[in-house]
Amino acid sequence: MHDIKFIREQTDTIKAGIARKNDKSDIDAILAVDVARREVITEVEKLQGERNKVSAEIAKKKKSGESAEDAIVAMREVGERIAILEEKRRNLDEELHTKMSWIPNIPYHDAPDGGEEDMVEVRTWGEIRKKSYDIPPHWEIGERLNILDLPAATKISGSGFYLLRGLGARLQRALISYMLDTHSNDGFVEHYAPYIVNADAMFGTGQLPKMEDDMYKTEGDNMYLVPTAEVSLTNIYRKQILDYKQLPICMVGHSPCFRREAGAAGKDTRGMIRVHQFDKVEMVKIVHPETSYDEHESLVAQAEKILQGLQLPYRVCELATGDLSFAAARCYDIELWAPGLDRWLEISSVSNFESFQARRMGCKFRDEEGKIQFPHTLNGSGVALARLIPAILENYLNEDGSVDIPDVLHPYMGGVKKID
RNA sequence: GGAGAGGUGGCUGAGUGGUCGAAAGCGCUGGUCUCGAAAACCAGUGUACCUCCGGGUACCCAGGGUUCGAAUCCCUGCCUCUCCGCCA
């Protein structure tokens with residue numbers, strides 16, 4: 001959410017910003033509602049002021065036994081006018097809020113322009129190991145080892161679900177523990193938070209209203225299954241005024257992520273790459289605005305640390321403005337090389353939302369001078385399991401069909417070093 | 001799920017129709033005192049919006065309603081607590 005004053009005073013900046021995101025919201029329509037709203041407010045408040053004054057006089061007269069009938073009759077009329085104007089004001093407030101809630105965040109000034117294909121590779125890490133033998137896609141590897149059973153998941157739930165068995169399930173659990181341990185050792189406080197949240201929380205981080213169709217909603221009580229732990233973790237601080245001394249707040253949590261993938265029918269239908277339920281370890285930071293871009297860099301580095309530990313080659317890319325999510329100002333994706341699929345897999349997305357989410361949430365902080373400001377929020381996957389496991393299967397596949405377990409996971413696997 | 005009680009400022013807690021945005025205490029900030037600190041004393045201490053920058057308006061869980069006037073009365077929702085039932 002943007003500050004209406006910002007839209008009013010820096011209209012050109014907003015218009016240019018949303019254009020870079022390929023958003024077609026009508027800013028002039030918002031400004032028109034804003035003008036009408038303020039006119040009504042000024043008028044209604046003038047009348048309320050009058051009513052307050054006269055009501056005090058009525059009280060005084062009644063106390064001294066005088067008749068106040070004239071004033072009461074007059075105020076009855078004023079009250080009716082106030083009621084009409086308040087109704088008008090409510091409607092304008094709602095209209096403004098609805099319109100504003102659809103305006104995306106605007107991109108970081110230096111973010112590359114363009115769409116999905118215009119992302120900029122920032123750096124790469126590790127060598128893509130050339131193998132002398134053919135590497136099949138992860139589902140073939142997993143099913144041959146009996147650690148991945150996609151038909152079973154389909155039978156239970158439908159397409160777009162995966163089922164891990166034996167050491168496959170153990171591997172996922174080991175990865176979760178390894179990641180949580182790594183991040184919490186680096187100062188991120190581990191959290192367990194609800195997986196089902198209300199509409200206010202979904203609005204706060206910016207999933208609502210735009211992503212409504214992409215989320216699972218519970219019948220009867222208007223709750224949503226989280227598409228990422230970002231929602232629960234960030235919203236912990238909704239409707240709160242923090243002290244600057246509390247910043248930065250660094251959190252980490254593991255959760256399942258539920259996504260309907262409504263707009264992705266027919267895309268990545270095989271394997272674990274695009275599924276309706278996957279697990280993810282997510283990091284969230286709430287920081288002082290002055291430090292947010294430094295914090296952004298360190299958050300990417302934190303996610304990279306996981307992949308370096310696992311000895312998996314990756315690249316870091318900065319997304320172009322048209323590919324940024326609704327709430328993001330700047331975003332780095334980390335992609336793993338999957339030799340079986342012969343493509344890069346997006347495994348982590350690390351974003352700076354600046355004050356966009358904080359404003360929607362009503363999360364503020366009192367700065368060094370006692371002034372109220374909005375903090376900046378950031379988050380990053382650290383990392384997504386349903387793509388990490390395929391990458392491990394494909395990168396660690398041996399010629400005999402077995403899969404080595406990355407060294408750092410051995411303690412978490414009860415000493416198991418290989419799946420065969 | 002059944003029965004009851006209750007939601008007031010950072011906290012405790014008064015206030016049951018009229019100068020109440022809200023007593024008092026605690027906490028916090030600044031000052032006096034002190035070599036310094038504590039104590040004591042003095043002062044300050046919510047948020048948001050509108051503004052012809054003088055001010056004004058709203059907010060006592062949320063949303064409606066009654067009234068000239070609502071923290072106070074009525075309705076709905078949410079949340080918390082106690083007891084019972086159920087349950088990992």
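Note on naming: letters A, B, ... go to the chains in the order of the sequence lines (proteins, then strands), and numbering restarts at 1 for each one. Here the structure is a predicted model, which means the values were calculated and not measured.
- When the side-chain hydrogen bond (donor to acceptor under 3.5 Å, both in side chains) test is applied to A:Arg170, no partner is found at least two apart in sequence or on another chain.
- Within a heavy-atom distance below 4.0 Å of RNA chain B, the residues of residues 50-62 of chain A found are A:Arg51, A:Asn52, A:Ser55, A:Ile58, A:Ala59, A:Lys60, A:Lys62.
- Scored by the side chain to side chain contact (heavy atoms under 4.5 Å, CB included) test, A:Arg270 finds A:Trp139 as partners (sequence neighbours excluded).
- Residues A:His376 and A:Phe356 keep their aromatic ring centres 6.0 Å or farther apart.
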For nucleotides 46-49 of chain B, which of its nitrogen or oxygen atoms have a protein nitrogen or oxygen under 3.5 Å away, and what is each distance?
from	atom 1	to	atom 2	distance (Å)
B:U47	OP1	A:Arg366	NH1	3.0
B:A48	OP1	A:Lys364	NZ	3.4

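- Aromatic rings from A:Tyr162 and A:His138 are positioned such that their centres are separated by 6.0 Å or more.
- Of the listed residues (A:Gln357, A:Arg359, A:Lys21), just one forms a side-chain contact (heavy atoms from CB on, under 4.5 Å) with A:Asn105, and that residue is A:Lys21.
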Mind listing the N/O atom pairs, protein and nucleotides 7-9 of chain B, below 3.5 Å?
none

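- Mapping A:Lys63 and A:Ala71 onto RNA chain B via the closest heavy atom, the residue that lands nearer the 5' end is A:Lys63.
- For A:Gln240, the CD atom sits in a packed shell: over 12 heavy atoms of surrounding residues, nucleotides or ligands are nearer than 6.0 Å.
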Could you give the side-chain donor-acceptor pairs of residues 66-76 of chain A under 3.5 Å, partners two or more places apart or in another chain?
from	atom 1	to	atom 2	distance (Å)
A:Glu66	OE2	A:Ser64	OG	3.4
A:Ser67	OG	A:Glu69	N	3.3

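- Remark: nothing in residues 78-88 of chain A comes within less than 4.0 Å of RNA chain B through any heavy atom.
- For A:Ser55, the side chain to side chain contact (heavy atoms under 4.5 Å, CB included) test picks out A:Arg51, with sequence neighbours left out.
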List every contact pair, protein side and nucleotides 61-65 of chain B side both N or O, where the distance is under 3.5 Å.
none

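- Formation of a donor-acceptor pair under 3.5 Å by the A:Thr377 side chain with backbone atoms of A:Ile286 is not found in this model.
- Within the structure, every pair that satisfies the side chain to side chain donor-acceptor pair (under 3.5 Å) test and touches residues 403-420 of chain A, not counting sequence neighbours, is listed here: A:Asp181-A:Tyr412, A:Asn398-A:Asp404.
- Considering only residues two or more places apart in sequence or on other chains, A:His296 meets the side-chain hydrogen bond (donor to acceptor under 3.5 Å, both in side chains) condition with none of them.
- As rounded to whole Å, 16 Å separates atom C1' of B:U67 from atom CD of A:Glu77.
- For residues 140-149 of chain A, every residue pair satisfying the side chain to side chain donor-acceptor pair (under 3.5 Å) rule, not counting sequence neighbours, is listed here: A:Asn146-A:Arg165, A:Asp149-A:Arg165.
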